[in-house]
J.: 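Below: one structure in structure tokens.
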2 protein chains.
Amino acid sequence: MQPKEILKEHVSKTITLTDEQFDYFFSHFTYKTFKKGQTIIGEGDKVDCEYFVLSGYLKSFFINDDMKMFILQFAMPTWWASDYNALYSGERATVNVDCITDAEVLCLTSQDREKLCREIHEGEHFFRWRTNKGYVATQKRLLSFMNNDAKHRYEELLAQYPTLYNIVPKQLIASYLGVSRETLSRLYHS
Amino acid sequence: MQPKEILKEHVSKTITLTDEQFDYFFSHFTYKTFKKGQTIIGEGDKVDCEYFVLSGYLKSFFINDDMKMFILQFAMPTWWASDYNALYSGERATVNVDCITDAEVLCLTSQDREKLCREIHEGEHFFRWRTNKGYVATQKRLLSFMNNDAKHRYEELLAQYPTLYNIVPKQLIASYLGVSRETLSRLYHS
DNA sequence: TTATTTATGTGACCTACATCACATTTCAGG
DNA sequence: CCTGAAATGTGATGTAGGTCACATAAATAA
């Protein structure tokens, strides 16, 4: 399937655009490819894009002072990724985004997103709903963090995204769950 | 300050509306008062409103199977509160909202919010940005949960919201931080 | 293929925080 | 102003999960 079709199908789940409107919408995106391991957003960068994943897997993550990594999100096809704090506030990136596998993405600059939101009311609607879904999902994850132990969170993750298990190194799964890789290893060998 | 002025000042930080537009916007809100301890949204309720706090303090929280409480958010004046999952999905409430103190709020039904978003482009813009801020804040809190220990999170909370310390029972602060009340007590007596 | 890194498994031990028990203080209602 | 009910403090003890150390396996480069 073509990038344009993938995006169209995704957007159509929330809003209805005429073909002309969608052509215009799509014209603001730039197609890019990245290699496995490549950095898309690095800490300290100026952030001006968000990324719509066409193929492959990204991760957005934070590195603390002890060089320990915490994964905020895995991004799979039709998901969006960026450092949304930096993107909306204009501050430098504190969150990194890089490629777990080779990946194809569509880039949308913050400027163009705001332009599209201004020019196409439905576009603004789309981005409101997308953000809202992200908000609710993050809140659920926060609750799960407070409420459940590591084993429970591990099972939850696998139930929700079975594909991750085969594609993503266990280290990264551990970083997502907020446990050490040793603990994760013990969890699923029991 | 009047409810209308409080909301206007709040909304003006993100968007510009003419007086007529704002009058129309405001006409969709309903003023309500609640007593300390009163439930605004209870688990299992049908949720059709979100609440803009004019005065007082609310909390939104989740109760797990062991009857343990987890606080998602304290809502203070000019903050919004609801069960946003239930509100957007139409499902029953899993998150409760109640009053820590006597409170005045403005209620906006989900229907009216969507109506306003449809009729006033700037309105949609406002709600998109508000949600985005919530999203980023929740993501930061999630990171803090993974990264920092209870003491660090405690100091972070007090630095950000010093007023909470005097108004909100320590139990609730503990529930927000995700530690037992005993542990919290030990943290700040050392 | 082999060499060299990088990911994973597993034991021993440590620590932050939970839980339970009970004392003490604070507060709201009569 | 008293009185019972919450809220808070504090000790003793348990446990999930961290950290360190090293073995093994898998992936990537040469």
Side-chain angles (χ1 to χ4, degrees), chain A residues 34-39 56-57 59 61 63-71 74 98-102 142-158 164-190, chain B residues 34-39 56-57 59 61-71 74 98-103 142-158 164-190:
Chain A
F34 292 95
K35 291 276 163 214
K36 177 175 177 173
Q38 219 179 324
T39 297
Y57 285 75
K59 64 175 189 285
F61 59 101
I63 305 280
N64 77 1
D65 300 338
D66 306 330
M67 300 297 287
K68 205 166 143 182
M69 174 192 293
F70 299 93
I71 292 191
F74 295 114
D98 73 14
C99 301
I100 297 175
T101 64
D102 289 357
L142 181 65
L143 264 184
S144 181
F145 239 91
M146 298 201 274
N147 193 5
N148 304 131
D149 62 14
K151 180 152 205 173
H152 194 113
R153 295 202 303 279
Y154 169 67
E155 279 154 8
E156 214 167 51
L157 179 67
L158 283 199
L164 282 180
Y165 188 82
N166 306 307
I167 293 168
V168 175
K170 306 282 170 285
Q171 295 211 54
L172 297 185
I173 306 246
S175 300
Y176 181 90
L177 295 174
V179 295
S180 67
R181 50 170 207 83
E182 293 94 330
T183 296
L184 178 63
S185 170
R186 283 169 182 124
L187 282 182
Y188 62 77
H189 288 111
S190 64
Chain B
F34 291 95
K35 290 276 162 212
K36 177 176 178 175
Q38 221 180 324
T39 298
Y57 286 75
K59 64 176 190 283
F61 60 101
F62 173 78
I63 305 281
N64 78 358
D65 300 340
D66 306 331
M67 299 297 289
K68 206 167 144 181
M69 174 192 292
F70 299 94
I71 292 190
F74 294 113
D98 72 14
C99 301
I100 297 175
T101 64
D102 289 358
L142 182 65
L143 264 183
S144 180
F145 240 91
M146 299 200 276
N147 193 4
N148 305 131
D149 63 12
K151 180 152 204 171
H152 195 113
R153 295 203 303 281
Y154 168 68
E155 278 154 8
E156 214 167 52
L157 178 67
L158 282 199
L164 282 181
Y165 188 82
N166 306 307
I167 292 168
V168 174
K170 307 280 169 289
Q171 293 211 56
L172 297 185
I173 306 242
S175 300
Y176 181 92
L177 295 174
V179 295
S180 67
R181 52 170 205 84
E182 293 94 331
T183 296
L184 178 63
S185 170
R186 282 169 183 123
L187 283 182
Y188 61 78
H189 288 111
S190 67

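Each chain gets a letter, A, B and so on, in the order the sequences are listed, and its residues count up from 1. Note that the structure is a prediction, hence the values are computed from the model and not measured.
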J.: Round to a whole Å and report the spacing from NZ of Lys151(B) to C1' of dC17(C).
T.: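 That distance rounds to 14 Å.
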J.: Arg181(A) has an atom CZ; how far is it from atom C1' of dG11(C), in whole Å?
T.: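 So the CZ-C1' distance, Arg181(A) to dG11(C), works out to 13 Å.
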J.: When the distance from NE2 of His189(B) to P of dT24(C) is rounded to whole Å, what number comes out?
T.: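 Result: 15 Å.
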J.: Please determine whether the number of non-hydrogen atoms from other residues, nucleotides or ligands lying under 6.0 Å from atom NZ of Lys36(B) exceeds 12.
T.: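 No, not enclosed.
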J.: With a 4.0 Å cut-off on heavy atoms, is Gly178(A) in touch with a base, just the backbone sugar-phosphate, or nothing at all?
T.: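 Contact class for Gly178(A): sugar-phosphate only.
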J.: Please state whether the base of dC17(C) and the side chain of Glu182(B) form at least one donor-acceptor pair under 3.5 Å?
T.: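 Checked by distance alone, the answer is no.
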J.: Using only side-chain N and O atoms of Lys68(B), determine if any of them is under 4.0 Å from OP1 or OP2 of dA18(C).
T.: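 So the side-chain polar atoms of Lys68(B) never come under 4.0 Å of the phosphate oxygens OP1 or OP2 of dA18(C).
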J.: Nearest-Å distance, CG (Leu184(B)) to P (dT19(C))?
T.: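 About 14 Å, once rounded to whole Å.
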J.: Donor-acceptor pair, Asn64(A) side chain versus Lys68(A) backbone, under 3.5 Å?
T.: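 Confirmed, Asn64(A) side chain pairs with Lys68(A) backbone.
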J.: Can you measure Tyr154(B) atom OH to dC17(C) atom C1' for me and round it to whole angstrom units?
T.: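 From Tyr154(B) OH to dC17(C) C1': 17 Å.
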J.: For Leu172(A) and dT6(C), what is the distance between atoms CG and C1' respectively, to the nearest whole Å?
T.: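 For the pair Leu172(A) CG and dT6(C) C1', the rounded distance is 12 Å.
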J.: Tell me whether the rings of Phe145(B) and Phe145(A) are parallel (<30°), tilted (30 to 60°) or perpendicular (>60°).
T.: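 Aromatic pair Phe145(B)/Phe145(A) classed perpendicular.
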J.: Is the shortest heavy-atom distance from the side chain of Leu157(A) to the side chain of Tyr165(A) under 4.5 Å?
T.: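 No, their side chains stay 4.5 Å or more apart.
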J.: Looking only at the aromatic ring of each residue, does the gap between the centers of Phe70(A) and Phe61(A) stay below 6.0 angstrom?
T.: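 Centroid separation for Phe61(A) and Phe70(A): 6.0 Å or greater.
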J.: Would you say that more than 12 heavy atoms from the other residues, nucleotides or ligands in this model lie under 6.0 Å from the CG of Asn166(B), or not?
T.: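 Yes - once you tally the heavy atoms of other residues, nucleotides and ligands closer than 6.0 Å, there are more than 12.
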J.: CG of Leu177(B) versus P of dA16(C): gap in Å, rounded?
T.: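 About 17 Å, once rounded to whole Å.
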J.: Could you give the CZ-to-P distance, from Arg186(B) to dT15(C), as a whole number of Å?
T.: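 Interatomic distance, CZ of Arg186(B) to P of dT15(C): 18 Å.
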J.: Check every strand shown and say whether Lys36(B) touches a base, only sugar-phosphate, or nothing at a heavy-atom separation below 4.0 Å.
T.: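 Contact class for Lys36(B): sugar-phosphate only.
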J.: Extract, from 5' to 3' on DNA chain D, the first and final nucleotides lying under 4.0 angstrom from some heavy atom of chain A.
T.: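 Using the under 4.0 Å cut-off, the span is dG17(D) to dT28(D).
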J.: Looking at the side chain of Pro169(A), which of dG9(C), dA16(C), dT8(C) is the nearest nucleotide?
T.: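 It is dT8(C).
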J.: Flag the pair Tyr154(A) / Tyr188(A) as yes when their ring centroid distance falls below 6.0 Å, and as no otherwise.
T.: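 Yes, they do, as the ring centres are separated by less than 6.0 Å.
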